[in-house]
Protein chains: 2
Amino acid sequence: MGFDRELVKGTTATVVLRLLREREMYGYEMVKEVNARTGGLFKWKEGTLYPCLHRLEVDGLLRSHWREAPNGKKRKYYRITAKGLAELARRTEEWKQFAGGVNVLLLGKTG
Amino acid sequence: MGFDRELVKGTTATVVLRLLREREMYGYEMVKEVNARTGGLFKWKEGTLYPCLHRLEVDGLLRSHWREAPNGKKRKYYRITAKGLAELARRTEEWKQFAGGVNVLLLGKTG
DNA sequence: TGACATGCATAGAACGGCGAGGTATACTAT
DNA sequence: ATAGTATACCTCGCCGTTCTATGCATGTCA
């Protein structure tokens, strides 16, 4: 990740949910997408993402289906569920509060 | 912690260093201080803090000394070292970048 | 006397990221 | 032909961190 591993924990699943709110995507695509959107700041690994996707699907926050790509590759597309959307909202709010708290403590920012 | 356990990881040590940049403190005091500064948002536990303090001391980022309090209790005060200050700067910068990245991904904020 | 706050500490469980490894296909350059 | 790179999926086991639970000792207050 480039960042301290521990810093990353807890945000990965939330980011996945957020990506899938925009459109359905497949795993490999998400890795590239996140790395691109952050200008290489985030460097997601497949060893992190795939288990994460499986957990989210087991929990009913995502649903997946296979589709063949023009290049002949099989892709597993993920779509967010209603439950996933609710969870995303909850986690996003939690992140805001948490980041706000850390900013107060580290940077002295009020709010 | 109140928050998702995983979200907290990686920030505890940094916050400790930041607190000790202001003045020397003892463990129990830090717990109360953090909980107070965040208005109860953060709920540090002793089982989290003490091992953290020990690690930081082993790593040479903190130094400790015992002192007796007016109430008769023995307190272990911690002071940040020069190495600790450097590490604090590094970690603070890392937090800013990381939080910025997450904000871009989750909230679409540019920067 | 019993509860609660102060103040230190540790052991074990739980959990997520990641390095390393594996499978398979397709395209490109030598 | 063949080696390399990109695409695309996956799993295993290590590691570090937090939390729960527990323990000790003291002082205060109802």
Side-chain angles (χ1 to χ4, degrees), chain A residues 1-17 24-36 42-59 61-62 64-78 91 95 98 101-102, chain B residues 1-17 24-36 42-59 62 64-78 91 94-95 98 101-102:
Chain A
M1 193 22 142
F3 291 117
D4 181 345
R5 305 158 86 102
E6 302 303 330
L7 219 43
V8 182
K9 296 188 180 183
T11 64
T12 305
T14 310
V15 171
V16 164
L17 291 173
E24 61 172 24
M25 294 177 74
Y26 55 99
Y28 195 80
E29 184 184 11
M30 292 184 218
V31 171
K32 303 298 172 192
E33 183 75 15
V34 163
N35 297 351
F42 279 45
K43 301 177 210 309
W44 274 11
K45 305 294 160 51
E46 295 172 73
T48 300
L49 182 63
Y50 288 117
C52 177
L53 287 171
H54 301 333
R55 279 192 300 272
L56 289 172
E57 189 170 18
V58 166
D59 292 344
L61 308 181
L62 305 180
S64 68
H65 60 278
W66 287 94
R67 200 189 310 156
E68 183 143 3
N71 62 2
K73 313 277 187 194
K74 299 279 190 189
R75 292 171 177 168
K76 197 173 183 178
Y77 280 86
Y78 288 90
R91 282 169 179 257
W95 162 256
F98 171 71
V102 175
Chain B
M1 187 28 140
F3 290 118
D4 181 344
R5 309 156 83 101
E6 305 302 330
L7 220 43
V8 183
K9 296 189 182 183
T11 64
T12 305
T14 311
V15 170
V16 164
L17 292 173
E24 61 172 25
M25 294 177 75
Y26 56 99
Y28 194 80
E29 185 184 11
M30 291 184 218
V31 172
K32 302 298 171 191
E33 184 75 15
V34 163
N35 297 352
F42 280 45
K43 300 177 210 308
W44 274 12
K45 305 294 161 53
E46 296 171 74
T48 300
L49 182 61
Y50 288 117
C52 178
L53 287 171
H54 301 334
R55 279 194 302 272
L56 290 171
E57 189 171 17
V58 167
D59 292 345
L62 305 181
S64 67
H65 61 277
W66 288 93
R67 200 189 310 156
E68 184 141 4
N71 62 2
K73 313 275 187 194
K74 299 280 189 190
R75 291 171 177 168
K76 199 173 183 179
Y77 280 86
Y78 288 89
R91 282 169 178 258
E94 189 180 31
W95 163 256
F98 173 72
V102 175

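FYI, side chains are in, hydrogens and waters are out, and symmetry mates aren't considered; it's all heavy atoms of this structure. Residue numbers begin at 1 in each chain, while the letters A, B, ... track the order of the sequences.
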Report task. Return the angle between end axes of the helix from C:dT1-D:dA30 to C:dT30-D:dA1, with five pairs used per end and rounding to 10°. Result ->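 Computed angle between terminal axes is 10°.
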Query raised in the report: Is the backbone of A:Y26 close enough, under 3.5 Å, to the side chain of A:E29 for a donor and an acceptor to pair up by distance?
Result: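 Indeed, once roles are kept as given, a pair shorter than 3.5 Å links the two residues.
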Query raised in the report: Can you check whether A:K73's main-chain N or O pairs, donor with acceptor, with A:N71's side chain at less than 3.5 Å?
Result: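 Checking the backbone N and O of A:K73 against the side chain of A:N71, a donor-acceptor pair under 3.5 Å is found.
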**Report entry** Residues A:K9, A:E6: salt bridge by 4.0 Å N-O rule
**Finding:**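 Salt bridge present between A:K9 and A:E6.
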Report task. Step by step, work out the side-chain contact (heavy atoms from CB on, under 4.5 Å) result for B:E94 and A:F3. Result -> CA-CA 7 Å; B:E94 189 180 31; A:F3 291 117; 3.6 Å; yes
Nearest-Å distance, [atom1] ([X]) to [atom2] ([N])?
{"X": "A:R55", "N": "D:dC10", "atom1": "CZ", "atom2": "P", "answer": "13 Å"}
{"X": "A:F42", "N": "C:dC18", "atom1": "CZ", "atom2": "C1'", "answer": "16 Å"}
{"X": "B:K45", "N": "D:dG23", "atom1": "NZ", "atom2": "C1'", "answer": "18 Å"}

Test side chain to side chain donor-acceptor pair (under 3.5 Å) applied to [X] - qualifying residues, sequence neighbours left out:
{"X": "B:K74", "result": "B:E68"}
{"X": "B:R67", "result": "B:E24, B:H65"}
{"X": "B:T14", "result": "B:R91"}

Query raised in the report: Base, backbone or nothing for each nucleotide of nucleotides 1-11 of chain C, written B, S, -, heavy atoms under 4.0 angstrom, 5' to 3'?
Result: ----SBBBBB-
Query - Residues that B:Y28 engages under ring-ring contact (aromatic ring centres under 6.0 Å, His included), provided they are two or more places apart - result: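 Counting only residues at least two positions away or on another chain, B:Y28 forms no ring-ring contact (aromatic ring centres under 6.0 Å, His included).
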